[in-house]
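What follows is a single structure, written as structure tokens, with notes after it.
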Amino acid sequence: MVSIKDWVTGRLGYNSENNRYRLLISDLWEHDGFHCGEGLQVKIDDKWIDTRMEMGIDGKWYLVEMPYYGDLEHIQARIM
């Protein structure tokens with residue numbers, strides 16, 4: 001069983017050095033950068049929802065089956 005202690009929680013932030021979104025925790029990068037198909041959870045209406053990071057043919061990042069496309073800055077997210 002997965003414990004809440006196993007999750008790393010922060011917010012998404014764009015890193016222009018590698019053109020990827022990373023997980024930011026208190027101004028420190030926790031994750032090197034999400035790749036297409038990589039899973040994470042985002043918080044919507046106080047619930048954690050499974051999704052994955054993808055890039056559209058226009059080069060913009062989005063979260064699958066979520067209302068977020070293009071600008072993903074500051075979205076609360078977590079990974080294991």
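Only this structure's heavy atoms are used, side chains among them; waters, hydrogens and symmetry mates stay out.
Within the structure, every pair that satisfies the side-chain hydrogen bond (donor to acceptor under 3.5 Å, both in side chains) test and touches residues 50-61, not counting sequence neighbours, is listed here: Gln41-Asp50, Arg52-Glu54, Asp58-Tyr69.
Pairing each heavy atom of Ile44 with each of Pro67, the nearest pair is CD1-CD, 4.3 Å. Shown here for Leu23 and Ala77, the closest heavy-atom pair between the two residues is CD1-O, 3.7 Å. Considering all non-hydrogen atoms of both residues, Asn18 and Asn15 come closest at OD1-O, 3.2 Å.
To the nearest 0.5 Å, atom CD1 of residue Ile75 and atom CE of residue Met66 are 9.5 Å apart. Rounded to the nearest 0.5 angstrom, Leu12 CG and Tyr21 OH are separated by 8.0 Å. With rounding to the nearest 0.5 Å, the separation of CD1 in Ile25 from CZ in Arg11 is 10.0 Å.
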### Task
Kindly indicate, with the supporting measurements, whether the criterion side-chain contact (heavy atoms from CB on, under 4.5 Å) is fulfilled by Trp48 and Thr9.
CA-CA 11 Å; Trp48 290 103; Thr9 304; 3.8 Å; yes
### Message
Test side-chain contact (heavy atoms from CB on, under 4.5 Å) on Leu72 and Met53; report intermediate values, then the result.
### Response
CA-CA 10 Å; Leu72 307 179; Met53 186 76 67; 3.7 Å; yes
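Under the rule for a side chain to side chain donor-acceptor pair (under 3.5 Å), Glu73 has no partner lying at least two apart in sequence or in another chain. With sequence neighbours left out, Asn19 forms a side chain to side chain contact (heavy atoms under 4.5 Å, CB included) with Tyr14.
Linking Ile, Leu, Val, Met, Phe, Trp and Tyr whenever their side-chain heavy atoms come within less than 4.5 Å leaves Phe34 and Val64 in two separate clusters.
Under the 4.5 Å side-chain criterion, counting only non-hydrogen atoms from C-beta, Met55 is not in contact with Tyr62.
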